[in-house]
J.: 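Please read through the structure below; I'll follow up with questions.
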Amino acid sequence: MTRKTILHMLTPLRQMSPFDVNMALDAGYDAVVPYTDVGLSDVGNLVQDAIFSRPPDAGVATGIFLAGKDAPTALDMLDAARKAMVPPFEISVFADPAGSFTTAAAMVAKVEKALARHYDRTLADVSVAIFGATGVVGYCTAVIAAKEGARVTIVGHDGLRRVEDIASSIKERFGVTVTPADGSDDAKKGAAIEGANVLLAAAKAGVQVISSAQLRNAPDLLVAADVNAVPPAGIEGLKVNANGEPLEGTRAIGIGPLSIGNVKYKTQSGLFVRMLKAEKPIILDFQDAFSLARDLAK
Ligand SMILES: NC(=O)c1ccc[n+]([C@@H]2O[C@H](COP(=O)([O-])OP(=O)(O)OC[C@H]3O[C@@H](n4cnc5c(N)ncnc54)[C@H](OP(=O)(O)O)[C@@H]3O)[C@@H](O)[C@H]2O)c1
């Protein structure tokens, strides 16, 4: 008998993302079921409800997807799901809150490729300034880049306090250091990018965070990348489909949101397919997203 593949999609928010629902069905799940307003303490019960309703060999045909808008919460839910398994009753789990794990993975993978191709440099050789760092994509971008050895600065649009807290939580959870910086006015933003080799914009859709004038404060800039596809661009002058072309008014190259989105889409879809094809239940987080994005990025 061919078993139906079922994905239980859990979010702490009021709504499950239609983007993620479409991605899961298009990747091949027979059924996807959203659960909203899910708290951390609900995860264990939901996982055990799912694992005991099917025989152990159906574990690979049953999946949990963790959504939401916060990376630490999604990772805590992932841990709770892992702990709720009762071998041999186990199922696959994939976390990608607000698409952030796959988006951050795609952005860092594209930048890594560009550094290697255009400058013969690695992430470990560069300093990286991240705007939109209090958002879920910015947070995950900072963690992935820092784990690869980059010197990472996270820039707060409303002052130092929140980015200081985020830097401490990243240190505690992942053991890597990122430096907080105040980007609450134009002069402070300019100072924050002064020594940057890589500029990553992960700010709210439709918000320009860096102007052409500010780019002149970053003479060592090699690569600028932006994930915001809604005009105006997060980095002025960076085209949505830029894929390594020169960024006007600088000596750097640009990578735009559609080039990053192409890798993000394939990464998220590829991880769903990996769950569907796995011979044993698997657990996927941003590290798995980054490793697949690296293979996909050109
Ligand atoms: N290309 C792709 O494939 C792809 C995929 C997914 C997402 N995205 C894009 O990735 C970006 C980040 O997503 P997200 O979910 O992390 O977004 P988000 O939650 O909306 O916020 C991102 C960041 O922008 C900051 N921000 C808000 N208003 C700002 C302003 N006026 N000036 C400067 N910064 C401001 C937020 O600060 P607060 O913490 O104060 O709100 C936060 O740090 C969005 O542009 C989204 O559209 C792209």
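The analysis underlying the following values was restricted to heavy atoms, covering all of them including side chains, and did not include hydrogens, waters or symmetry mates. Note that the structure is a prediction, hence the values are computed from the model and not measured.
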J.: Which salt bridge (charged side-chain N to carboxylate O under 4.0 Å, His left out) pairs, counting each pair once, include a residue from residues 54-67, with sequence neighbours left out?
T.: Arg3-Asp57
J.: Hey, does the side chain of Asp288 reach the backbone of Asp285 with a donor-acceptor pair shorter than 3.5 angstrom?
T.: yes
J.: Please tell me whether Val143 and Phe290 are part of a single hydrophobic cluster in this structure, the criterion being side-chain heavy atoms less than 4.5 Å apart.
T.: yes
J.: Would you indicate whether the side-chain heavy atoms of Met77 and Val38 approach each other to under 4.5 Å?
T.: yes
J.: Counting N and O atoms only, with roles assigned by atom type, does the side chain of Ser127 sit under 3.5 Å from a partner on the main chain of Gly195, one being a donor and the other an acceptor?
T.: yes
J.: Linking I/L/V/M/F/W/Y whenever any side-chain heavy atoms sit under 4.5 Å apart, do Phe94 and Phe19 land together?
T.: yes
J.: Would Asn197 and Val223 count as a side chain to side chain contact (heavy atoms under 4.5 Å, CB included) here? Give the steps.
T.: CA-CA 7 Å; Asn197 307 122; Val223 181; over 6 Å; no
J.: Could you go through the side-chain hydrogen bond (donor to acceptor under 3.5 Å, both in side chains) check for Lys110 and Asn243 one step at a time?
T.: CA-CA 9 Å; Lys110 287 288 295 180; Asn243 194 20; 2.7 Å; yes
J.: Which salt bridge (charged side-chain N to carboxylate O under 4.0 Å, His left out) pairs, counting each pair once, include a residue from residues 237-263, with sequence neighbours left out?
T.: none
J.: Taking only residues at least two apart or on different chains, which pairs with a member in residues 219-264 satisfy ring pair (Phe, Tyr, Trp, His ring centres under 6.0 Å)?
T.: none
J.: In a table with atom names and distances, give each donor-acceptor pair under 3.5 Å that connects a side chain of residues 80-93 to protein atoms at least two apart or in another chain.
T.:
residue : atom : partner : partner atom : Å
Arg82   : NH1  : Asp79   : OD1          : 2.7
Ser92   : OG   : Ile282  : N            : 2.9

J.: Any side-chain heavy-atom pair from Asp125 and Thr122 closer than 4.5 angstrom?
T.: yes
J.: What residues join Leu238 in its hydrophobic cluster, counting side-chain heavy atom gaps under 4.5 Å, either direct or through other members?
T.: Phe131, Val155, Ile193, Leu199, Val207, Val209, Ile210, Leu215, Leu221, Ile235, Leu247
J.: Any side-chain heavy-atom pair from Leu66 and Asp96 closer than 4.5 angstrom?
T.: no
J.: My understanding is that only residues two or more places apart in sequence, or in another chain, count here; which of them pass ring pair (Phe, Tyr, Trp, His ring centres under 6.0 Å) with Phe286?
T.: Phe101, Phe174
J.: So does Ala242 get a backbone contact from the side chain of Ser259, meaning a donor-acceptor N/O pair under 3.5 Å?
T.: yes
J.: Is there a donor-acceptor pair closer than 3.5 Å between any side-chain N or O of Glu236 and the backbone N or O of Ser211?
T.: no
J.: Rounded to the nearest 0.5 Å, what separates atom CG in Leu10 from atom CG in Leu78?
T.: 11.5 Å
J.: Going by heavy atoms in the side chains, are Ile130 and Thr153 under 4.5 Å from each other?
T.: no
J.: Is the backbone of Pro257 close enough, under 3.5 Å, to the side chain of Asp226 for a donor and an acceptor to pair up by distance?
T.: no
J.: Could you list the residues that satisfy side-chain hydrogen bond (donor to acceptor under 3.5 Å, both in side chains) with Asn262, not counting sequence neighbours?
T.: none
J.: Look at atom OH of Tyr35 and say whether more than 12 heavy atoms of other residues, nucleotides or ligands are closer to it than 6.0 Å.
T.: yes
J.: Could you check if a side-chain atom of Thr134 sits within less than 4.5 angstrom of a side-chain atom of Ile166, using non-hydrogen atoms only?
T.: yes
J.: Within the distance-only criterion (no hydrogens, no angle test), does the side chain of Thr62 pair as donor or acceptor with the backbone N or O of Ala58 below 3.5 angstrom?
T.: yes
J.: Is there a side-chain contact between Val126 and Tyr119, using heavy atoms and a 4.5 Å cut-off?
T.: no
J.: Decide whether Val47 and Leu7 are clustered together by the hydrophobic rule: side chain heavy atoms of Ile, Leu, Val, Met, Phe, Trp, Tyr closer than 4.5 Å, transitively.
T.: no
J.: Could you name each residue pair satisfying salt bridge (charged side-chain N to carboxylate O under 4.0 Å, His left out) that touches residues 199-220, not counting sequence neighbours?
T.: none
J.: Begin with the C-alpha distance, continue with both residues' side-chain angles, and end with the deciding distance and a verdict on side-chain hydrogen bond (donor to acceptor under 3.5 Å, both in side chains) for Gln268 and Asp20.
T.: CA-CA 9 Å; Gln268 187 174 358; Asp20 293 332; 2.9 Å; yes
J.: Any side-chain heavy atom of Leu123 sitting closer than 4.5 Å to one from Val108?
T.: yes
J.: Would you say the rings of His8 and Phe65 are close, in the sense that their centroids are separated by under 6.0 Å?
T.: no
J.: Could you walk me through whether Ile260 and Met107 pass side chain to side chain contact (heavy atoms under 4.5 Å, CB included), step by step?
T.: CA-CA 6 Å; Ile260 294 166; Met107 173 147 69; 4.0 Å; yes
J.: Should Val111 and Val240 be regarded as members of a common hydrophobic cluster, given that ILVMFWY residues are connected when their side-chain heavy atoms come within less than 4.5 Å of each other, either directly or indirectly?
T.: no
J.: Compare all side-chain heavy atoms of Met9 with those of Ser17 and state whether any distance is below 4.5 angstrom.
T.: no
J.: Does Glu148 have any salt bridge (Lys or Arg N to Asp or Glu O under 4.0 Å) partners at least two apart in sequence or in another chain, and if so, which?
T.: Arg294
J.: From Met275 CE over to Ile283 CD1, what is the distance, rounded to the nearest 0.5 angstrom?
T.: 9.5 Å
J.: Would you be so kind as to tabulate the donor-acceptor pairs closer than 3.5 Å made by side chains of residues 21-34, with sequence neighbours excluded?
T.:
residue : atom : partner : partner atom : Å
Asp30   : OD2  : Thr5    : N            : 2.7
Asp30   : OD2  : Thr5    : OG1          : 3.2

J.: Ignoring hydrogens and angles, state whether a donor on the side chain of Asp158 or Ser184 is under 3.5 Å from an acceptor on the partner side chain.
T.: no
J.: Got a second to check how far Tyr139's OH is from Ile144's CD1, nearest 0.5 Å?
T.: 11.5 Å
J.: Between atom OG1 of Thr267 and atom CZ of Arg274, what is the distance when rounded to the nearest 0.5 Å?
T.: 9.5 Å
J.: Check whether Thr103 reaches the backbone of Gly99 with its side chain - one donor and one acceptor, N or O, closer than 3.5 Å.
T.: yes
J.: Of all residues at least two apart in sequence or in a different chain, which pass the salt bridge (Lys or Arg N to Asp or Glu O under 4.0 Å) check with Arg117?
T.: none
J.: If you look only at pairs with a residue in residues 163-187, which of them pass as a salt bridge (charged side-chain N to carboxylate O under 4.0 Å, His left out), with sequence neighbours excluded?
T.: Asp76-Arg173, Arg161-Asp165, Asp182-Lys188, Asp185-Lys188
